[in-house]
Amino acid sequence: MEGSRLPVTLPVPSTRTLTEGFKSSNEIRKQAGEKTSHEKDEMIDLMMVFPRKANTVGRAIASKYMRDSRLKSYHLMLINAIYEQDGASQKDLGDAVPFDKSYISIGVRELIDMGYIVNEGQGKVHSLRLTEAGRDVLAMSEMMFDIIRQSIMGNITKEEADELVRILRKMSANMDSIIAQFNEKETSASKRWCDCPCDEGPE
């Protein structure tokens, strides 16, 4: 109906188009003496596998050194985050640990039940603090994280470690930029959709 605007549907390229574009891109790289996408896959593979391996190492060492078998590696990350920000809310924890909201909520509830943290907030607003038992676990976890660092980084020189940190910071900044762009596009698209005049039927 006249006066109404419909959302624009962008054309989606076919699989064949994407494949041909991918092949052409690789041919250009070969002619320029650069590595092709296939040759660069090892870096992506390592990036995908590393977090899982690091988590496996963390769980194995935690189970060896933690006296309370109920404690898991994600509990220790939450305890460290609460120590760093005394009186933290669950939203604060969401900015400090790589877990989603529901996972943090479960971990906080478990730590309260085990007596390692207390919630001094009221209603839905949390104010989380470590108990004496939680501080004991914190001291143990700091020793454990040192062991994890030594186990993973033991044969890496200080120069290599510094370079790795520099590279990871640049990659992290790139990812922050990408996330910000996507968030901006989603917000903009949502606003455009809400601003569209609705078809309220014939006059």
Side-chain angles (χ1 to χ4, degrees), residues 46-156 158 160-184 186-187 190:
L46 289 171
M47 287 173 60
M48 296 299 103
V49 170
F50 183 83
R52 177 176 57 80
K53 287 186 175 181
N55 190 41
T56 300
V57 170
R59 286 203 311 267
I61 294 177
S63 65
K64 179 178 180 180
Y65 288 95
M66 289 292 103
R67 286 170 293 203
D68 189 337
S69 60
R70 296 173 298 170
L71 282 169
K72 309 300 180 186
S73 55
Y74 65 89
H75 289 139
L76 303 181
M77 294 181 70
L78 289 171
I79 285 175
N80 274 272
I82 293 169
Y83 169 74
E84 293 290 339
Q85 191 170 347
D86 191 39
S89 66
Q90 289 199 32
K91 184 179 182 304
D92 295 329
L93 294 179
D95 297 330
V97 296
F99 308 136
D100 62 32
K101 187 165 57 175
S102 61
Y103 206 75
I104 290 172
S105 180
I106 292 170
V108 165
R109 188 166 63 248
E110 290 171 344
L111 286 171
I112 290 174
D113 290 343
M114 287 186 276
Y116 294 121
I117 64 174
V118 293
N119 176 23
E120 297 181 353
Q122 294 183 355
K124 293 184 178 180
V125 180
H126 284 62
S127 179
L128 303 170
R129 289 184 165 83
L130 298 181
T131 62
E132 198 62 41
R135 292 185 178 278
D136 290 340
V137 170
L138 176 70
M140 179 67 71
S141 70
E142 288 175 345
M143 180 194 75
M144 194 192 72
F145 284 130
D146 282 340
I147 294 172
I148 292 175
R149 276 192 291 271
Q150 291 170 15
S151 300
I152 296 176
M153 309 284 287
N155 60 346
I156 296 176
K158 184 180 183 305
E160 289 172 333
D162 290 343
E163 179 66 9
L164 176 59
V165 169
R166 188 185 68 81
I167 292 170
L168 290 175
R169 282 176 177 164
K170 290 182 70 172
M171 293 173 66
S172 179
N174 290 342
M175 289 186 283
D176 286 342
S177 177
I178 293 169
I179 292 170
Q181 289 176 29
F182 273 97
N183 288 341
E184 183 180 345
E186 288 178 1
T187 302
S190 176

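What you are looking at is a predicted structure, and each value in this text was computed from that prediction instead of being measured.
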Result of checking L164, D162, I156 against E160 for side chain to side chain contact (heavy atoms under 4.5 Å, CB included): I156

L168 side, atom CG; E163 side, atom CD - distance, nearest 0.5 Å: 10.0 Å

Atom CZ of R166: over 12 foreign heavy atoms under 6.0 Å: yes

Closest approach of S127 to N119 (non-hydrogen atoms, all atoms of both residues): N-OD1, 2.9 Å

Close side-chain approach of S89 and V125, heavy atoms under 4.5 Å: no

Rounded distance (nearest 0.5 Å) linking atom CG of L128 with atom CG of L111: 9.0 Å

Between NE2 on residue H126 and CD1 on residue I104, distance to nearest 0.5 Å: 11.0 Å

Minimal non-hydrogen separation, M77 against P98, with atom names: CE-CD, 3.4 Å

Evaluation steps, side chain to side chain contact (heavy atoms under 4.5 Å, CB included), between H75 and Y116: CA-CA 10 Å; H75 289 139; Y116 294 121; over 6 Å; no

Pairs where residues 77-94 contributes a residue and the test salt bridge (Lys or Arg N to Asp or Glu O under 4.0 Å) is met, not counting sequence neighbours: D86-R129

With sequence neighbours excluded, residues passing ring pair (Phe, Tyr, Trp, His ring centres under 6.0 Å) with Y74: Y103

Separation between CG of L93 and CZ of F99, rounded to the nearest 0.5 Å: 10.0 Å

Residue pair V108 / I117: nearest heavy atoms and the distance that separates them: O-CD1, 3.8 Å

Value rounded to 0.5 Å, distance of CD1 in I178 from CG in N183: 12.0 Å

Worked verdict on K53 versus V57 for side chain to side chain contact (heavy atoms under 4.5 Å, CB included): CA-CA 6 Å; K53 287 186 175 181; V57 170; 5.6 Å; no

Nearest-0.5 Å distance that lies between atom CD1 in I79 and atom CE in M114: 7.5 Å

Side-chain heavy atoms of K72 within contact of E110, under 4.5 Å: no

